[in-house]
Amino acid sequence: MGARLPGVERTFFCLKPDAIEKGLIGEIISRIERKGLEIIALKLVRVTRDQAERLYEEHRGKPFYEGLVEYITSGPSIPMVVRGVNAIRLMRNLSGATDPSEALPGTIRGDYAPGSPPGATIRNLVHASDSKEKAEREIAIFFKEEEIVE
Ligand code: CDP
Ligand code: MG
């Protein structure tokens, strides 16, 4: 439905383990639906170390990298593919700023993620791709094309 309309794109979005621990699955999915975006693939998984390293390749070597890999592999996550006009930008906007202390009320991180102590891994509930290239790369880490309902 609509995959080839102008401006329609797909993005990778993931509920991290803290979102599931806190019982926020329904709340976060509701926000995606209310915004008029379509979920075209979704599963519940324990992210493997290999998947985490591929997802966060760009951060390898940074001080927070090891803590980040530990965080995303610490419990179940829900990776998904979301489709819509400007889906990449919209999912970044719905998510809010990386640091929950900077994330505005009305965003997922702004409404539900507590502040992180300085130097600690930032537990901010969700991941959203930041470009078309990254979206396609990140989708491929978690989904085969035949698992995506286009
Ligand atoms: O997730 P987002 O694209 O907003 O942020 P990022 O800069 O790509 O960082 C990826 C993830 O690393 C963040 O979502 C945080 O969970 C974590 N992070 C951290 O623990 N400490 C930092 N100083 C920066 C990021
Ligand atoms: Mg990022």
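Counting convention: from 1, in listed order, for ligands and their atoms alike. Throughout, residue positions are numbered sequentially from 1 according to the sequence presented.
- Partners of F142 under the ring pair (Phe, Tyr, Trp, His ring centres under 6.0 Å) rule, at least two apart in sequence or in another chain, are F12.
- Counting only residues at least two apart or on different chains, no side chain to side chain donor-acceptor pair (under 3.5 Å) pair has a member in residues 87-98.
- With sequence neighbours left out, the side chain to side chain donor-acceptor pair (under 3.5 Å) criterion links T48 to Q51.
- R123 and E21 are joined by a salt bridge, as a carboxylate oxygen and a charged side-chain nitrogen come within less than 4.0 angstrom of each other.
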### Task
Kindly determine whether M91 and L37 satisfy side chain to side chain contact (heavy atoms under 4.5 Å, CB included), including the steps that lead there.
CA-CA 9 Å; M91 288 311 301; L37 291 158; 3.5 Å; yes
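- Looking only at side-chain heavy atoms (C-beta outward), E27 and D111 stay at 4.5 Å or farther from each other.
- Under 4.0 Å from any atom of ligand 1, one finds heavy atoms of residues K16, Y56, H59, F64, L68, Y71, R92, T98, R109, T121, I122, N124.
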